[in-house]
Structures are given as C-alpha cells and as structure tokens.
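The model shown is predicted, which means the values in this text are computed figures rather than measured ones.
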Amino acid sequence: QVQLVESGGGLVQAGGSLRLSCVASRSIFGINLMGWYRQAPGKQRELVAIITSTSSTNYADSVKGRFTIDRDNAKNTVYLQMNSLKPEDTAVYYCYAQGNSWGRGTQVTVSS
C-alpha cells in the first residue's frame, strides 16, 4: 500500500474553483489506477474521477465538463481541478490508489 495525503480543500462560493492535490509516499509510476472519491453528509462515498497510468480518464456524470483529473508521476501527485463549483459538490474528497489505499480526505464546502 501507499500513504496518500490530500490538500487544497476549503470554502468557496458557487461558481468558484479549487484544486485538490494528493501526494503519495512513494512513486506512483507503477500504480495504474488512481482517483478521487467524495462523500457528502448522509450519503455513500461516490466516484468523482479516475485516471490510469496512460492518463486515460473517466468522470462521474455530475462533474463532467467541470472537473479535470491529472497526475504527475515525477511528483508522485494526483490533482483534481474543480471549476464551476456547485453547492452539491460539498463533500469530503478522498484520494484513492489501486491496491485499496485511501487518504484521510479534505473538506470542500461550496456556499450558495
């Protein structure tokens, strides 16, 4: 497993942007699948976006066209650029690495 640490969350107004970062404790070059999940209060954790080692991506329908996932293997980091944020994007965002590694999460709150 790999340790993951998220950062970049915060409070933002609707329509604003945030960029989340997930730094891994070791090289992610050999990790095929990495991604972001989120969990809102009272709801199940859901997939937001995933990216493979060849930079293929997939997004939840609710964030398509607004969020972009990227990875920088040289920095052992995965990013989530979130634009046009909506109040319904409010959640704790978790980084995931194949092999069932999870970060502790970072809170994103979008005010209306």
Quick one: [atom1] on [X] to [atom2] on [Y], what's the gap to the nearest 0.5 Å?
{"X": "L4", "Y": "R26", "atom1": "CG", "atom2": "CZ", "result": "9.5 Å"}
{"X": "S62", "Y": "E46", "atom1": "OG", "atom2": "CD", "result": "5.5 Å"}
{"X": "S27", "Y": "N76", "atom1": "OG", "atom2": "CG", "result": "5.0 Å"}
{"X": "M82", "Y": "R19", "atom1": "CE", "atom2": "CZ", "result": "11.5 Å"}
{"X": "L80", "Y": "T106", "atom1": "CG", "atom2": "OG1", "result": "11.0 Å"}
{"X": "I50", "Y": "N58", "atom1": "CD1", "atom2": "CG", "result": "5.0 Å"}

> Does some side-chain heavy atom of L20 sit less than 4.5 Å from a side-chain heavy atom of V108?
Replying inline: yes
> Does C22 reach the side chain of W36, with side-chain heavy atoms less than 4.5 Å apart?
Replying inline: yes
> Between N32 and T52, does any side-chain donor sit less than 3.5 Å from a side-chain acceptor?
Replying inline: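 N32 vs T52: no donor-acceptor pair found between side chains.
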Whether the side chain of [X] engages the backbone of [Y] through a donor-acceptor N/O pair (distance < 3.5 Å, no angle test) should be reported.
{"X": "Q98", "Y": "M34", "value": "no"}
{"X": "S53", "Y": "I31", "value": "no"}
{"X": "E6", "Y": "R104", "value": "yes"}
{"X": "T68", "Y": "Q81", "value": "no"}
{"X": "S25", "Y": "Q3", "value": "yes"}

>> If the condition is ring-ring contact (aromatic ring centres under 6.0 Å, His included), which residues does F67 pass it with, not counting sequence neighbours?
In response: none
Can you name the nearest heavy-atom pair linking [X] to [Y], along with the distance?
{"X": "A40", "Y": "A91", "answer": "N-CB, 3.8 Å"}
{"X": "V12", "Y": "L18", "answer": "CG1-CD1, 4.0 Å"}
{"X": "A14", "Y": "P87", "answer": "CB-CD, 4.1 Å"}
{"X": "A97", "Y": "V2", "answer": "CB-CG1, 3.8 Å"}
{"X": "A49", "Y": "Y59", "answer": "CB-CD2, 3.5 Å"}

>> Determine whether Y79 and R71 satisfy the following criterion, side-chain contact (heavy atoms from CB on, under 4.5 Å), listing intermediate values before the conclusion.
In response: CA-CA 6 Å; Y79 303 98; R71 63 192 288 170; over 6 Å; no
> What about V5 and V92, same hydrophobic cluster or not, with Ile/Leu/Val/Met/Phe/Trp/Tyr joined at side-chain heavy-atom distances under 4.5 Å?
Replying inline: no
> So if you build clusters from Ile, Leu, Val, Met, Phe, Trp, Tyr with side-chain heavy-atom gaps below 4.5 Å, do L47 and I51 land together?
Replying inline: no
>> I28 vs T77, test: side-chain contact (heavy atoms from CB on, under 4.5 Å). Steps then yes/no.
In response: CA-CA 8 Å; I28 63 171; T77 303; 6.0 Å; no
> Tell me, which pairs form a salt bridge (charged side-chain N to carboxylate O under 4.0 Å, His left out) where one or both residues lie in residues 88-98, sequence neighbours left out?
Replying inline: R38-D89, R66-D89
> What is the ring orientation for Y96 with W102, classed by angle as parallel under 30°, tilted 30 to 60°, or perpendicular over 60°?
Replying inline: tilted
